[in-house]
Amino acid sequence: MAKSRSVVLFLIFLLLPFCGYSWGFFAHQRINRLAVFALPPEMVGFYKKHIRYITENAVNPDKRRYAVANEAPRHYIDLDVYGDSALYKLPRFWQQAVEQYTEDTLMAYGIVPWHINFMKYQLTQAFKERNLDKILRLSTEIGHYIADACVPLHTTQNYNGQLTGQRGIHAFWETRLPELFSDHYDFFVGQAQYLEHPQLKAWQLVTDSHLGLDSVLYFERELTLGFDEEKKYGFEVRNNLTTRVYSRDFSQAYSNRLRGQVERQMRTAILATASYWYTAWVDAGQPNLGTLSSTLSPEELHRLEMEKKAYETGPHKPREEGDL
């Protein structure tokens, strides 16, 4: 009887996929929202006024990955394809990287650290133009890419453990753990800091993430050896569907082994997001945000609606990060 039950459970596991996005919609939204409260007084009032937009639209870059062919590389960088010394030999600045590797190569393996700096430049220009639509959109989306740079699995070809027999680990680390435990994380990160070298800061985020990659993979593999299949996984009802998930016991054990890694990376993302916003604002001459329009233009509302439709019908499939 026990053997038959195990077979049935195994077959169900194969039919019910994990659902995963980069950091998970939940975590991306929380990171953007909390970044608002790390801003200085001159900025926090404006961002709090628009906190709903900044929170809800934090996931838009992920949605675009289903509709825009060149969107996916902005979310990651596969450092391991460049060799063991990639962290030290890859050019930090885009033009130098293109000259050394070609743009096609860079796009093939991800461009997140360079894209963050490009977004910062665009946000600075939006502040200079005092363009509400652009300020909100770029602030929201740079937060997404910064958060992605803080995910260790966004720095490797083995982004979902598919090369090491750990398929599903992506959604486990960045979605399941925050959903279960982030209510107990300490998200007081202090005030935003001016970034003297935004491009180098983006690379620092990627470097710190990549240095934690071995732990992400090793501890999950080690724990799996001590858990039966039935205890490693469980089922929960989400959106009226029974979904296979990592069990709470396995998730707690993994979180304990990581010793706060997910919490640290979320904290890093929150402070970095606020710091990029602040740096762009300072570099734009510290414009008075209190005098900006308080409502989005009809054009921006239309753009958001079109983006939503594109997400729902888009033909492009991104790199899977949670499916079996």
Side-chain angles (χ1 to χ4, degrees), residues 21-40 42-75 111-112 115-148 192 198 269-270 272-316 318:
Y21 304 91
S22 59
W23 260 126
F25 280 15
F26 166 84
H28 268 302
Q29 290 176 335
R30 175 162 284 197
I31 288 166
N32 264 18
R33 181 179 182 84
L34 291 172
V36 171
F37 299 96
L39 292 170
E42 298 89 343
M43 299 182 71
V44 71
F46 169 80
Y47 276 82
K48 284 179 69 175
K49 183 189 300 183
H50 299 286
I51 197 168
R52 180 174 179 179
Y53 176 102
I54 291 167
T55 302
E56 292 181 353
N57 292 288
V59 300
N60 286 2
D62 269 339
K63 292 181 177 181
R64 275 203 304 272
R65 296 169 72 180
Y66 290 86
V68 179
N70 291 327
E71 174 62 34
R74 300 171 179 174
H75 298 251
I111 60 170
V112 66
H115 189 63
I116 289 171
N117 193 55
F118 177 62
M119 292 286 290
K120 183 270 171 188
Y121 169 78
Q122 290 185 307
L123 181 56
T124 300
Q125 295 305 114
F127 277 125
K128 288 181 178 180
E129 297 168 7
R130 301 175 56 78
N131 186 313
L132 176 73
D133 293 349
K134 290 183 179 179
I135 291 171
L136 292 180
R137 174 168 52 85
L138 294 167
S139 294
T140 300
E141 296 190 0
I142 194 174
H144 184 105
Y145 300 116
I146 290 166
D148 280 353
I270 292 165
T273 296
S275 296
Y276 273 93
W277 293 345
Y278 175 57
T279 301
W281 175 72
V282 170
D283 288 351
Q286 304 182 38
N288 184 350
L289 302 180
T291 60
L292 295 180
S293 170
S294 60
T295 58
L296 295 172
S297 69
E299 292 77 14
E300 178 64 9
L301 293 173
H302 178 71
R303 187 193 67 79
L304 289 170
E305 183 61 28
M306 290 300 98
E307 190 168 83
K308 179 181 177 182
K309 289 182 178 179
Y311 164 60
E312 294 170 347
T313 60
H316 300 290

Participant: If you look at every heavy atom in Ala126 and Lys134, which pair is closest and at what distance?
Facilitator: CB-CB, 3.6 Å
Participant: In Å and rounded to the nearest 0.5 Å, what is the CD1 to CZ distance from Ile31 to Arg33?
Facilitator: 14.0 Å
Participant: I need the minimum non-hydrogen distance between Ala274 and Ala35, along with the two atoms involved.
Facilitator: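 Looking at all heavy atoms of both residues, the shortest contact is CB-O, 3.4 Å.
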Participant: Assess the side chains of Tyr53 and Thr140: does a donor N or O sit below 3.5 Å from an acceptor N or O?
Facilitator: no
Participant: Which pair of non-hydrogen atoms, one from Glu141 and one from Pro61, has the smallest distance, and what is that distance?
Facilitator: CG-CG, 3.9 Å
Participant: Is a side-chain donor-acceptor pair under 3.5 Å present for Thr124 with Lys120?
Facilitator: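 Short answer, yes.
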Participant: State, without any angle test, whether Thr55 and Asn32 hold a side-chain donor-acceptor pair at a distance under 3.5 Å.
Facilitator: no
Participant: Taking CZ in Phe37 as the centre, count heavy atoms belonging to other residues, nucleotides or ligands within less than 6.0 Å. Is the count above 12?
Facilitator: yes
Participant: Please report the interatomic distance CG(Leu34) to CD1(Ile51), rounded to the nearest 0.5 Å.
Facilitator: 8.0 Å
Participant: Identify the heavy atoms of Ala269 and Ile146 that sit nearest to each other, and give their distance.
Facilitator: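 The pair with the smallest heavy-atom distance is O-CG2, 4.0 Å.
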Participant: Do Ser293 and Arg130 get their side chains close enough for a donor-acceptor pair, meaning under 3.5 Å?
Facilitator: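 The answer is no; no qualifying pair exists.
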Participant: Any carboxylate oxygen within less than 4.0 angstrom of a Lys/Arg side-chain nitrogen, looking at Glu299 and Arg303?
Facilitator: no
Participant: Using 0.5 Å steps for rounding, measure from the CZ atom of Arg137 to the CD1 atom of Ile142.
Facilitator: 12.5 Å
Participant: To the closest 0.5 Å, what do you measure between CG (Leu289) and CH2 (Trp281)?
Facilitator: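 So the CG of Leu289 and the CH2 of Trp281 are separated by 6.5 Å.
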Participant: Please report the C-alpha distance between Asn288 and Phe46 in whole Å, then the side-chain angles of each, then the deciding distance to 0.1 Å, and finally whether the side chain to side chain contact (heavy atoms under 4.5 Å, CB included) criterion is met.
Facilitator: CA-CA 10 Å; Asn288 184 350; Phe46 169 80; over 6 Å; no
Participant: Using 30° and 60° as the class limits, which term best fits the ring planes of His75 and Tyr145: parallel, tilted or perpendicular?
Facilitator: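 If you compare the ring of His75 with that of Tyr145, the planes turn out perpendicular.
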Participant: Considering only NZ, NE, NH1 and NH2 on the basic side and carboxylate oxygens on the acidic side, decide whether Glu71 and Arg64 come within less than 4.0 Å.
Facilitator: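 Between Arg64 and Glu71 there is a salt bridge, with a charged N closer than 4.0 Å to a carboxylate O.
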Participant: Working to the nearest 0.5 angstrom, can you tell me the gap between Leu123 CG and Ser139 OG?
Facilitator: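 Here the interatomic distance stands at 4.5 Å.
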Participant: Atom CG of Asp283 and atom CD of Gln125: how far apart are they, to the nearest 0.5 Å?
Facilitator: 10.0 Å
Participant: Can you name the one residue among His115, His28, Arg74 that meets side chain to side chain donor-acceptor pair (under 3.5 Å) with Asp148?
Facilitator: His28
Participant: Which is it for Phe26 and Val59 under the side chain to side chain contact (heavy atoms under 4.5 Å, CB included) test, yes or no, and what are the steps along the way?
Facilitator: CA-CA 9 Å; Phe26 166 84; Val59 300; over 6 Å; no
